[in-house]
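First listed ligand is number 1; within each ligand, the first listed atom is number 1.
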Amino acid sequence: MGLAIADRWFETKRIDDAITLLWEPHVIRLMRCNIWHVRGRDRDLIIDTGMGIVSLREAMAPLIDKAATAVATHTHADHIGSHHEFDECAAHRLEAPWLERPSPETHLVTMDDSGNPGAGMSIAGYEIGDSLITALPHAGYSLKSYHIRPARVTLRLEEGSIIDLGDRRFEVLHLPGHSPGSIGLFEAATGTFFSGDAIYDGQLIDELPHSDVADYIRTMERLRALPVTVVHGGHCPSFGRERLIALCDVYLTAKRVR
Ligand SMILES: [Zn+2]
Ligand SMILES: [Zn+2]
């Protein structure tokens, strides 16, 4: 396929004193998830872990200086690839089994339903080429060697669970629709909201095998009323309350409930 070798695999952007964003620029846009690190007083929080193509733990080493909990907002492949590198993993109880036994069907070389090369495929308007990556992480990397490794779930979450970092408290909101156990993490004291794939500022996906539009509509009604100051999504740039409401309304209008 003649892919070039990437200079580095992760890009990093400091959002504020405590929050850092990492992403994989050489993963196709559909699968390029936002990976968040939140520094707490007693514990750090990692929200989603990307594709697991190279070590996230190593890339995050300069950031992590204490115990860390790696939360999965849900268990699509692009969000859970490096959870196995962390001792403490958390997911909604409906998604925990997928973190512990990830689908063996995730490949970097794309195939359509008939097993033919998937070039030309698209999902929800996202073009997919013949591979999920646009550069190799290092010389000699074999695309066929890729698989998602299982992680041990040490904390099963549900609506109302609290993740306490000592100086920051995040409440788990169960936000089904995109997937059955999708969650968001909301810090009421600051209005900071990590939303996973429940909402982000891009084309949302509700047509996967485990998606549920009726659930998604209820999730959007709930999100619309959430008193956020900033939303850090599972993909795309962060945004504020006004944009959150607008994005909810776009979805709700498209589904003809508003
Ligand atoms: Zn997803
Ligand atoms: Zn995603």
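In summary, the side chains of Ser82 and Glu85 do present a donor paired with an acceptor at a separation below 3.5 Å, with no hydrogens or angles considered. Donor-acceptor pairing under 3.5 Å is lacking for the side chains of Asn34 and His235. In the model, Ser179 has no side-chain atom that pairs as donor or acceptor with a side-chain atom of His210 under 3.5 Å.
The angle that His178 NE2 and His76 ND1 make at the Zn ion (ligand 1), rounded to 10°, works out to 90°.
The N, O or S atom of His235 with the smallest distance to the Zn ion (ligand 2) is NE2.
The aromatic rings of His74 and His178 sit perpendicular to each other, their planes meeting at more than 60°, with 30° as the lower class boundary.
The Zn ion (ligand 1) lies under 2.8 Å from an N, O or S atom belonging to His74. Among the backbone and side-chain atoms of Asp197, an N, O or S atom lies under 2.8 Å from the Zn ion (ligand 1). The Zn ion (ligand 1) has no N, O or S atom of His79 under 2.8 Å away, backbone or side chain.
Salt bridge annotation for Lys255-Glu221: absent, with no cationic side-chain nitrogen under 4.0 angstrom from a carboxylate oxygen.
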